[in-house]
Protein chains: 2
Amino acid sequence: MLDQFRMSERTVGRLGVYRRHLYHLATEGVNSVYSHQLALAAGVTAAQVRRDLMVVGSNGSSTRGYDVRSLLTRLEAFLSGPAHQNVALVGVGILGRAILAYCTSRSGHLAILAAFDSDPDKVGRVIQGCRCHAMAEMPDVAAQGGIRTALLAVPAPEAQVVADQLVSAGIRGIVNFAPVHLRVPPFVHVENVDIMISLEKVAFFARSGIAGEEVLEEV
Amino acid sequence: MLDQFRMSERTVGRLGVYRRHLYHLATEGVNSVYSHQLALAAGVTAAQVRRDLMVVGSNGSSTRGYDVRSLLTRLEAFLSGPAHQNVALVGVGILGRAILAYCTSRSGHLAILAAFDSDPDKVGRVIQGCRCHAMAEMPDVAAQGGIRTALLAVPAPEAQVVADQLVSAGIRGIVNFAPVHLRVPPFVHVENVDIMISLEKVAFFARSGIAGEEVLEEV
DNA sequence: GTAACGCCGTGACAAGATTCACAGCATCAT
DNA sequence: ATGATGCTGTGAATCTTGTCACGGCGTTAC
Ligand SMILES: NC(=O)c1ccc[n+]([C@@H]2O[C@H](COP(=O)([O-])OP(=O)(O)OC[C@H]3O[C@@H](n4cnc5c(N)ncnc54)[C@H](O)[C@@H]3O)[C@@H](O)[C@H]2O)c1
Ligand SMILES: NC(=O)c1ccc[n+]([C@@H]2O[C@H](COP(=O)([O-])OP(=O)(O)OC[C@H]3O[C@@H](n4cnc5c(N)ncnc54)[C@H](O)[C@@H]3O)[C@@H](O)[C@H]2O)c1
C-alpha cells in the first residue's frame with residue numbers, strides 16, 4: 001500500500017509485538033491504551049512506540065491514548081494486508097512438528113497450508129492437521145495456494161538446495177532455522193532464526209555480567 | 001575478560017557465526033581464510049568481518065588472510081571464556097524436546113545439563129538424554145552445576161513467573177521462546193526468539209516485494 | 001471560565017552501526 | 001630488483017536507529 005519498501009525491519013518486528021499485545025487487550029475488553037503501556041508490554045520506550053505507530057498513520061487521543069480496536073485494525077491492515085496469507089513448512093522433523101503444533105493451535109492471519117518433506121514415510125500423511133506433500137509437488141501446491149512465504153526446517157546440509165527449490169516455486173520470503181547463511185536472489189527476504197547463536201549470545205552476556213555487578217558496587 | 005561490557009549485541013552474534021564457519025573449515029582441513037570468504041559465508045561485507053574481528057585482537061596476514069586454527073581459538077576464548085558453560089532448559093514440551101534433541105546432538109562448549117518441568121509425569125524421567133527435574137530443585141541444581149543461562153520454553157502465561165524463579169535461582173541469561181516480554185532485573189540478559197514475529201516479518205516483506213519487482217522495472 | 005495536567009505527534013538531535021578509503025605490508029611475476 | 005597485486009587494520013564518513021523535547025490539544029478541577 002504505502003511505501004512499505006523502505007520500512008525498517010526492526011520497526012516491522014515491533015509493530016508485530018504491538019499488534020499481539022493489542023489483540024490481547026481487545027480480548028480482555030480493554031478499549032484504550034497509552035503509548036507508555038504498550039512500551040512496557042513490548043520492552044521499549046514510549047517515544048519508540050509513538051514513532052513506530054507513525055507509519056500506520058496514528059490516531060491517538062491525548063486523553064484516552066489509542067483506541068485499541070481502531071489501532072489493531074490499522075496494524076492488521078498494514079502488516080497483513082487485505083488478503084489472507086498462506087505459508088508452507090518444509091522439513092517435518094522434530095522442529096517442524098513443533099512449529100506445526102504451534103501455528104495450527106494459534107488461529108491467525110497466517111496459516112500453514114501445506115507441509116513438504118523428502119522422506120517417503122512422511123509424504124501423504126497428515127501431521128498435526130497438516131497434509132505432508134512430496135517435494136516435487138511444491139511448485140503446484142504453492143501456486144494454487146498463493147503461498148509466498150515458507151518456514152525452512154531441514155538439516156543444514158540440505159538447506160541451500162531446498163531454498164533454491166523454494167525460490168523456483170515462487171516463494172519470496174523464508175524463515176530459516178538451519179544454521180547456515182542462505183544465498184538467494186535479492187527479491188527474496190530471509191529471516192534467520194538461529195537458536196544456537198541466540199544461546200551463545202545470552203551465555204556471553206550472562207558471563208560478562210559477573211563483572212557488571214562489580215561495576216555496580218564500584219559506583 | 002576484556003571490556004566485554006560495552007560489546008554490541010549484533011557484533012557478538014556475528015562473531016558466533018564466524019566461529020561456527022571457522023569450526024567447519026577447520027574440520028575440513030582448511031587452514032587459512034580471507035575476510036571476504038568469511039563475509040560470504042556469514043552474509044555480511046568483508047569490511048564488517050574485519051571490523052568485528054578487531055575486538056578479538058585480529059592477527060590476519062595480508063597474504064594468507066586469517067589462520068583458521070588461531071582465529072578459532074581466539075574466538076572461542078572471547079565468546080565462551082575459559083570455563084565450560086552449563087545451560088538449563090525449562091519447559092519440556094514439544095518445543096523443549098526439539099531443543100534438547102538439537103543441543104545434545106551437537107557437542108559444543110555449551111551443554112544442557114538439566115531440564116525442568118512442572119508436570120509430575122515428566123519429572124524424574126530422562127528425556128533426550130537429559131534428566132528432568134522438578135521446579136523446586138532448580139536453585140540447588142543450578143548452583144551445583146554452575147548454571148547461569150537458561151532456555152525458557154513454557155506456555156506464555158507461565159513465562160513471567162518461571163522467569164522470576166530463574167532469576168532467584170541465580171540465572172543471569174535467558175533465551176525466551178514464549179511470545180511475551182519478560183520483566184527482569186537489569187543484570188539479567190534476555191534474548192527473545194519469537195517465531196511468530198519472525199514469520200510475520202518475512203510475510204510482510206514477501207508481500208511488499210510484489211511492488212519491489214515493479215520498481216525494478218520502472219528503473 | 002480558566003488554569004493546570006498529561007499525552008500524542010513530530011522535528012531536531014544523539015548514539016550507534018556500517019561502509020569507505022587508504023596506508024602498510026608481504027608476496028609474486030618479470 | 002622492482003613494480004604490481006591484493007589483503008589487513010583502522011580512522012573518518014555515512015547511513016541508520018533511537019531519544020529528546022516541546023507545541024498542541026482535549027480533559028479535568030476548581
Ligand atoms: N530441533 C531444534 O530445536 C532445532 C533448533 C535449531 C535449529 N534447528 C535446525 O532445524 C533443522 C531441522 O531440525 P530437526 O531437529 O527438526 O531435524 P530432523 O532431522 O528431525 O528433521 C529434518 C527433516 O527434514 C527432512 N528433510 C531432509 N532433507 C530434506 C530435503 N532435501 N527436502 C525436504 N525435506 C528434507 C527430513 O526428512 C526430516 O523430516 C536443522 O537444520 C537444525 O539444525 C533445529
Ligand atoms: N512449539 C513451537 O514451535 C513454538 C514456537 C514458538 C514459540 N513457542 C512457545 O514456546 C513455549 C512452549 O511451547 P510448546 O509447544 O513446547 O508447548 P507445550 O505445551 O508442548 O510445552 C510446555 C511445557 O511447559 C511445561 N510447563 C507449564 N507450566 C510450567 C511451569 N509453571 N513451570 C515449568 N514448566 C511448566 C509443561 O508441563 C509443558 O511440558 C510456548 O510459550 C510457546 O508459545 C513454541
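Throughout, a chain's letter reflects where its sequence line sits, starting with A, and its residues are numbered from 1. What you see is a predicted model; the values in this text were computed from it and never measured.
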>> What is the separation between atom OH on Tyr34(B) and atom P on dA26(C), rounded to the nearest whole Å?
In response: 15 Å
> How long is the gap from OG1 on Thr45(B) to CG on Leu38(B), to the nearest 0.5 Å?
Replying inline: 12.0 Å
>> Checking contacts here: which listed nucleotide (dA17(C), dC7(C), dT27(C)) is nearest the side-chain heavy atoms of His36(A)?
In response: dC7(C)
>> Over 60° means perpendicular and under 30° means parallel, so tell me whether His36(A) and Tyr34(A) are parallel, tilted or perpendicular.
In response: parallel
>> Between P on dG18(D) and CD on Glu9(B), what's the gap in Å once rounded to a whole number?
In response: 12 Å
> Hey, does Asn59(B) reach any base, or is it just sugar-phosphate, or nothing, if we go heavy atoms under 4.0 Å?
Replying inline: sugar-phosphate
>> Between Ser62(B) and dG6(D), is there a contact of a side-chain N or O with OP1 or OP2 at under 4.0 Å?
In response: no
> What is the distance from OH of Tyr66(A) to C1' of dG6(C), rounded to the nearest Å?
Replying inline: 13 Å
>> So Val180(A) and Leu182(A), do their side chains get closer than 4.5 Å, heavy atoms only?
In response: yes
>> How long is the straight-line distance from OH of Tyr102(A) back to CD1 of Ile195(B), given to the nearest 0.5 Å?
In response: 7.0 Å
> Taking for each residue the nucleotide of DNA chain D bearing the nearest heavy atom, is the 5' side occupied by Ala46(B) or by Arg10(A)?
Replying inline: Ala46(B)
>> Please report the distance, rounded to the nearest Å, between CZ in Arg14(B) and C1' in dA17(C).
In response: 8 Å
> With distance as the sole criterion, do the side chain of Arg51(A) and the base of dT19(D) form a donor-acceptor contact below 3.5 Å?
Replying inline: yes
> Given dG9(C), is OP1 or OP2 found less than 4.0 Å from the side-chain N or O atoms of Arg50(A)?
Replying inline: no
> Quick one: Met54(A) CE to dG18(D) C1', roughly how many Å, whole number?
Replying inline: 13 Å
>> So which atom in Phe205(A) and which in Val12(B) form the shortest heavy-atom distance, rounded to 0.1 Å?
In response: CZ-CG2, 3.8 Å
>> Does Ser61(B) reach a base, just sugar-phosphate, or nothing at all? Heavy atoms under 4.0 Å.
In response: sugar-phosphate
> Atom CD of Gln48(A) to atom C1' of dG9(C): distance rounded to whole Å?
Replying inline: 15 Å
>> Using whole Å, what does the distance between atom P of nucleotide dT8(D) and atom CG of Leu71(B) come to?
In response: 11 Å
>> Under 4.0 Å, counting only non-hydrogen atoms across every strand here, what does Ser35(B) touch: a base, just sugar-phosphate, or nothing?
In response: sugar-phosphate
> Could you state the CZ-C1' distance from Arg64(B) to dG6(D), rounded to the nearest angstrom?
Replying inline: 12 Å
